[in-house]
**Student:** 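The following block contains the structure, expressed as structure tokens.
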Amino acid sequence: MTRYLNAFPIDISKFDVAIYDISPQPTTPAWNRLDQLEDDVTSNTGGIGVRYHDGDSWSVVACGVTNPPERINNSDSQLTLTESTVWSSDTDWDPEVISKALETGLQDFLTKHRGYWGEKYNRVFQYTPYSSEGSYNMHLGYKVSVEYADGFQLYLDPTFKFLSGKSLKDWIDQVGAETVQEQLTGERFIMFSSRTSYATLETIYEDRTVMDDTVYGSTIYELNADSPAPQADDVEESDPLCGVTYSNNPKEYTVSPALLYGTPGNNDVLNESAIISPSKRWEEIQALARDVSFIQVGGQQFDVGDNELSGDIDRFQYPNLEFGGGHVFDPQTLGDLPDKWEWEKEMQQLLAEHGPVKRVRGQRNIAFAYPGSYPESPTQTYQDIQENLQEYAQITAPGPVGPIEHTDRAVWNEWVAQQGDKIDGLLAGLEEGESNDRYYSLVNDVNGAPVQHLTPSALSDYRDSSLFNVSMGLAAKMGVRPFVLADPLHTDIVIGFDVNGFDRTSIGAVTLDGQSGDVITQTTSGFSAGRSTAAPEFETKSALRSQIDAAVQETGEVSSFVIHRSGILKNSEESAIRELIPELVDEGMLPGTVQWGVVEVNADTPHRIFDTDYDLQAPTGAYTTIGGRTGIVVNGGHPYVWQGTPRATSCRLAAGNCDWNIEALTNDVFRLSFLNWGSPGSVNMRPPISTNLATELAKMFEKCNEIRYLPF
């Protein structure tokens, strides 16, 4: 058996750095300002500028420089050299700063010398199309990442991006500006200039050209002689100006249509064509690895190893699960890796025989609201779901409150006024392709009561399985727990935490019992974070205080807890946590010896595990650790992924007050993914229940005033 990672060692013995103090300090949110300061340090030192936060203040580290200037002046800040030194493994070096400098150095090499353009989050894409699908070109790219374990490791992960084969200028020349404006206003484009970015088309100025300097941001000034984008060669002085806006910024900027290329958005046909088989993915990884023999950072070069990392990759076993009556099920009895249908059949049999581990008492009044175009008898649908609820969830529903057609607004509003407060749950039939906004609207109509939606096609395809899934989804939202973990986690409680949303963001949080993984409490209304993906300190403390308080009330004492932060732990959140815990100790809510930690749980990583026993596919449960602070695990791999290569979930210990075992914490993340049911039969594991529920709650708070159920 051979297993290996998409990672290559980087040889670093010493690293030249210069550290600059910033005065005055950037104000929150500081990201755009810090971007500019990093650029200033890069251009003035010849190295690579990387921001650094020591918990109290920001500084910028110039990486790869030996003779830095004493001061760097900026229109708003002054950067003063405080230290010029050499970092090594024997000194107190900062691996995160070095990793970021290495990532930037590689990205600079690929964009300047190998025909790639760069994007956020360390992604690069080739200008030359890899292939074409209809009117779109498919461009091969990579996510590059450097992480530190016993040494620094370069991760390479291929990906694809689709762009229109024609620029907006080509479309204007072909069909005219008026038609283009009518059809494409509001569409998303990628803009190629000195810095690639995404933009939304707002208008086309037919009476103004790129030579018009009366409009802010005219392309003729934005483009520079050394712009790496080949699209810049297509700009002509007679091009009409296009007004565009960028994300979260209402200000309009102008650009030549020759620099704008359309993106397809979420297109299932294109997405399917971009699936990379494990063998093909590995070929592309090796192709780029052969082209990268070293990484340049300022005046230093660091060699990249020729061979991928392998070994020390193992598999977690599926966790034992507890059903009703204390019955414990060992999944290993199904064999090494049971497929989805074997798993679902077994879950149904166990629920029919032993019942759920946690029931709801008494009869449940369940309404069925359906669209006017519903193709079958609503009564029949309700009866089928009623039978499934009784058989598998032990819920008795005496008969539908309704059914009622929800597409006639007047009739629906009258029904809600008369019957809405009498229901325990709502089955909501939606039109095919109907947006989630209708679902959120129905949740608000019934004041946050449990709502389970379905579409006619969901019942027409694999009807028995779909009825089971819909029924158990509603049952779980009403408080039924089909099964929980039979063995405890490695901490008293786990708190799932996320900041998410679209136009505005909110905090979502859930708290799980460490004995079983069952949910103790959840946020029922949003803690606003504005438009930021970082939760403010006050809101973070308020949300976590309420979660910990409820857990203490439920369990009696909490002597240890871990927060699963979906994505990246922000500085404001870490500061809030470090302030909150001593306060709770002083108040007597937590003991003085409480152990705590924060694990960043992130599925959007470059980590891949390849296993020769499964045609390079990673089996479910495959994991490894990277140093003492990061674990990666495949929550859903072989045999549940038939195409492509499963992405591993990263579990990084970002903060804590004790020596946590990262393998144990990663195992907890894997086991909690088994409780993240689309239904109890869905073994296509997603993120753990902790982060998944927190994320879904945060998204719903943007649209819903109150949520009195868990969004399984």
Side-chain angles (χ1 to χ4, degrees), residues 15-87 93-113 117-124 144 146 191-197 216-217 221-229 232 246-249 251 253 295-301 532 534 570-571:
F15 201 79
D16 298 327
V17 297
I19 303 173
Y20 285 89
D21 177 59
I22 305 170
S23 181
Q25 282 285 298
T27 56
T28 303
W31 312 121
N32 290 339
R33 188 80 197 105
L34 289 167
D35 286 345
Q36 182 59 55
L37 292 172
E38 286 180 338
D39 290 344
D40 290 340
V41 169
T42 298
S43 60
N44 282 275
T45 65
I48 293 177
V50 179
R51 69 194 67 181
Y52 173 71
H53 194 266
D54 62 6
D56 296 318
S57 60
W58 287 101
S59 57
V60 179
V61 181
C63 302
V65 296
T66 54
N67 295 301
E70 290 293 326
R71 287 181 177 79
I72 298 173
N73 293 319
N74 179 278
S75 58
D76 298 315
S77 303
Q78 180 171 281
L79 296 104
T80 304
L81 180 67
T82 59
E83 184 180 11
S84 180
T85 186
V86 176
W87 282 349
W93 65 2
D94 189 295
E96 291 186 23
V97 170
I98 297 175
S99 294
K100 181 61 179 176
L102 291 165
E103 291 168 358
T104 303
L106 178 55
Q107 189 167 349
D108 287 347
F109 167 75
L110 294 173
T111 55
K112 293 176 181 177
H113 304 290
W117 80 82
E119 292 191 3
K120 289 183 178 180
Y121 313 115
N122 305 320
R123 286 180 169 88
V124 294
V144 299
V146 175
M191 187 189 80
F192 294 99
S193 65
S194 55
R195 177 172 289 181
T196 305
S197 57
Y216 186 81
Y221 298 106
E222 182 180 332
L223 290 174
N224 51 55
D226 59 352
S227 170
Y246 302 108
S247 61
N248 297 328
N249 184 355
K251 186 171 184 176
Y253 295 81
I295 298 177
Q296 183 88 26
V297 177
Q300 294 184 278
Q301 289 184 358
S532 174
K570 307 302 191 298
N571 292 318

**Student:** Tell me every residue that passes ring pair (Phe, Tyr, Trp, His ring centres under 6.0 Å) with W87, counting only those two or more places apart in sequence or in another chain.
**Tutor:** none
**Student:** To check you understand the geometry: which heavy-atom pair defines the closest contact between P24 and S77, and what is its length?
**Tutor:** O-OG, 3.8 Å
**Student:** Who pairs with F15 by ring pair (Phe, Tyr, Trp, His ring centres under 6.0 Å), at least two apart in sequence or on another chain?
**Tutor:**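 So F15 forms a ring pair (Phe, Tyr, Trp, His ring centres under 6.0 Å) with F302.
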**Student:** Which atom names give the shortest non-hydrogen contact between I295 and L102, and what distance separates them?
**Tutor:**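 For I295 versus L102, the nearest heavy atoms are CG2-O, 3.5 Å.
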**Student:** Closer than 3.5 angstrom, by distance alone: can the side chain of S23 be matched with the main-chain N or O of Q78 as a donor-acceptor pair?
**Tutor:**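 The answer is no, because no donor-acceptor pair under 3.5 Å joins these two groups.
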**Student:** Can you sort out the partners of Q301 under side chain to side chain contact (heavy atoms under 4.5 Å, CB included), two or more places apart, ordered by chain and number?
**Tutor:**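 Once residues adjacent in sequence are excluded, the partners of Q301 under the side chain to side chain contact (heavy atoms under 4.5 Å, CB included) criterion are F294, Q296.
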**Student:** To the nearest 0.5 Å, tell me how far I72 CD1 sits from S43 OG.
**Tutor:** 7.5 Å
**Student:** State which residues pass salt bridge (Lys or Arg N to Asp or Glu O under 4.0 Å) with E83; sequence neighbours excluded, sorted by chain then number.
**Tutor:**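 By the salt bridge (Lys or Arg N to Asp or Glu O under 4.0 Å) rule, E83 matches no residue at all.
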**Student:** Determine the minimum heavy-atom distance between V65 and G46, stating which atoms define it.
**Tutor:**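 Where V65 meets G46 most closely, the heavy atoms are CG1-C, 4.2 Å.
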**Student:** State which residue, out of I19, V50, D21, fulfils the side chain to side chain contact (heavy atoms under 4.5 Å, CB included) condition with S59.
**Tutor:**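 Going through I19, V50, D21 one by one, the side chain to side chain contact (heavy atoms under 4.5 Å, CB included) with S59 is satisfied by I19 alone.
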**Student:** Could you tell me which non-hydrogen atom of A229 sits nearest to which non-hydrogen atom of S193, and how far apart they are?
**Tutor:** CB-O, 3.8 Å
**Student:** With sequence neighbours left out, write down each residue that passes side-chain hydrogen bond (donor to acceptor under 3.5 Å, both in side chains) with E103, or none if nothing qualifies.
**Tutor:**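 So E103 forms a side-chain hydrogen bond (donor to acceptor under 3.5 Å, both in side chains) with N122.
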**Student:** Not counting sequence neighbours, which residues clear ring pair (Phe, Tyr, Trp, His ring centres under 6.0 Å) with Y52? List them please.
**Tutor:**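 Scan of Y52 (ring pair (Phe, Tyr, Trp, His ring centres under 6.0 Å), adjacent residues dropped) gives none.
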**Student:** What are the two closest non-hydrogen atoms of T45 and P69, and how far apart are they?
**Tutor:**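 Reported closest heavy-atom pair: CG2-CD, 3.9 Å.
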**Student:** Of all the heavy-atom pairs spanning A62 and V41, show the shortest one and how long it is.
**Tutor:** CB-CG1, 3.5 Å
**Student:** With sequence neighbours left out, what residues match W93 under side-chain hydrogen bond (donor to acceptor under 3.5 Å, both in side chains)?
**Tutor:**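 So W93 forms no side-chain hydrogen bond (donor to acceptor under 3.5 Å, both in side chains) with any residue.
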**Student:** Taking the side chain as C-beta and beyond, is there a heavy-atom pair between E119 and W117 under 4.5 Å?
**Tutor:**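 Counting from C-beta outward, E119 and W117 do come under 4.5 Å.
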**Student:** Checking E38 now: which residues fulfil salt bridge (Lys or Arg N to Asp or Glu O under 4.0 Å) with it, not counting sequence neighbours?
**Tutor:** R51
**Student:** Just jot down the side chain to side chain contact (heavy atoms under 4.5 Å, CB included) partners of T42, sequence neighbours excluded, or say none.
**Tutor:**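 With sequence neighbours excluded, T42 shows a side chain to side chain contact (heavy atoms under 4.5 Å, CB included) to no residue whatsoever.
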**Student:** Apply salt bridge (Lys or Arg N to Asp or Glu O under 4.0 Å) to D39 and list each qualifying residue two or more places apart in sequence or on a separate chain.
**Tutor:**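 Listed in chain order: R195.
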**Student:** My understanding is that only residues two or more places apart in sequence, or in another chain, count here; which of them pass side chain to side chain contact (heavy atoms under 4.5 Å, CB included) with S197?
**Tutor:**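 By the side chain to side chain contact (heavy atoms under 4.5 Å, CB included) rule, S197 matches M191, Y246.
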**Student:** Return the CD to CD1 distance between Q300 and I48, rounded to the nearest 0.5 Å.
**Tutor:**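 The CD atom of Q300 sits 10.5 Å away from the CD1 atom of I48.
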**Student:** At what distance, to the nearest 0.5 angstrom, does CG of D40 lie from CG of L34?
**Tutor:** 11.0 Å
**Student:** Between L37 and Y20, is any pair of side-chain heavy atoms under 4.5 Å apart?
**Tutor:**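 SC-SC contact between L37 and Y20 ruled out.
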**Student:** Do Q25 and I22 have side chains that approach each other closer than 4.5 Å (heavy atoms only, starting at C-beta)?
**Tutor:** yes
**Student:** What pairs with T66 under side chain to side chain contact (heavy atoms under 4.5 Å, CB included), at least two apart in sequence or on another chain?
**Tutor:**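 Here the qualifying residues are D16.
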